[in-house]
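To start, the structure itself, in C-alpha cells.
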Amino acid sequence: MELEKAIMERRSIRQFTDKPVEKEKLQELLEAAIWSPTAGNIQPWVFICVTDPKMVHNIRVVSPGMLWSTSAVICICSDQQKALRAGGKGGAVLSLFDCAMAAQNILLRAFDLGLCSCVIRSFNQAAVRELLDAPEHIHPELLIILGYSDQSPKPPPRNTDILFWEAFGGEGVLK
Ligand SMILES: Cc1cc2nc3c(=O)[nH]c(=O)nc-3n(C[C@H](O)[C@H](O)[C@H](O)COP(=O)(O)O)c2cc1C
C-alpha cells in the first residue's frame with residue numbers, strides 16, 4: 001500500500017465487528033512498533049498485547065475513552081527505569097515521545113493490514129498497570145484498540161492555517 005494512502009485514509013475507528021484480529025497480524029504490529037524511532041536507541045518501552053476477552057473487558061471497565069468492546073488491545077507502556085537510567089533527567093519525557101512514535105507505526109501498519117484502530121489515552125493508568133501485572137516502573141501510556149469494521153467515517157476537519165514557510169506567522173503553505 002502507498003504510504004500516502006495510509007497517512008491520509010487512516011481514521012480512528014472505535015466500534016468493531018465480532019471478527020477477531022489474527023495473531024499473525026498482531027505480531028506484525030508489534031514488530032512495526034519496535035522499529036519506530038527511539039531517542040538514543042534507548043527503547044524505553046514495553047508492548048503488551050491483550051486478546052483474552054475477560055482481560056479486554058476489565059481494561060474497558062477502567063477506560064472511559066474506550067466505549068465499545070474489541071478483540072485486541074495493545075498497551076504501549078514506558079519503562080521509566082530504563083528511561084531514567086539511560087536518558088537521565090530528560091528520559092521520562094523522551095520515553096513519551098518514543099511511545100507516541102511507536103503508536104503511529106502501529107496505526108499505519110494496522111491500516112496497511114486492513115485493520116481498524118484507535119488510540120485511547122482516557123484510561124486509568126494505575127488500574128491498567130495492575131490488571132496487566134506490570135511492576136511500578138512500567139507506565140501504561142496509550143492503548144491501541146484494534147479490530148475489523150465496516151465503518152468509514154468522514155475525515156474530521158484539519159487546520160491548515162498553522163503551516164508556515166520559514167518562520168512562525170510567515171507565508172501560509174496551503175492556500
Ligand atoms: C494521544 C491521543 C489520545 C487519544 N485518546 C482517545 C481516547 O481516549 N478515546 C477516543 O475515542 N479517541 C482518542 N483518540 C483519537 C482521537 O480522538 C482522533 O485521533 C482524532 O479525533 C482525529 O481523528 P482521526 O484519528 O480519525 O484522524 C486519541 C488520539 C491521540 C493521538
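As the structure lists them, so they are numbered: ligands from 1, and atoms in each ligand from 1. Just so you know, these numbers come straight off a predicted model, no measurement behind them.
- In the displayed structure, Phe164 atom CZ is contacted under 6.0 Å by more than 12 heavy atoms of other residues, nucleotides or ligands.
- A donor-acceptor contact shorter than 3.5 Å is absent between the side chain of Arg158 and the backbone of Pro155.
- Within 4.0 Å of ligand 1, heavy atoms belong to protein residues Arg10, Arg11, Ser12, Arg14, Gly65, Cys118, Val119, Ile120, Arg121, Ser122, Pro156, Arg158.
- For Gln15 and Ser149, the side-chain atoms include no donor-acceptor pair closer than 3.5 Å.
- With respect to Glu31 and Arg109, no salt bridge is recorded, no charged nitrogen being found less than 4.0 Å from a carboxylate O.
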Which pairs would a plain distance check flag for residues 39-51, meaning a side-chain donor or acceptor within less than 3.5 Å of a matching protein atom at least two apart in sequence or in another chain?
residue, atom, partner, partner atom, Å
Asn41, OD1, Gln43, NE2, 3.0
Gln43, NE2, Asn41, O, 3.2

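- Minimum interatomic distance between Lys19 and Glu22 (heavy atoms only, all atoms of both residues): CE-OE2, 4.0 Å.
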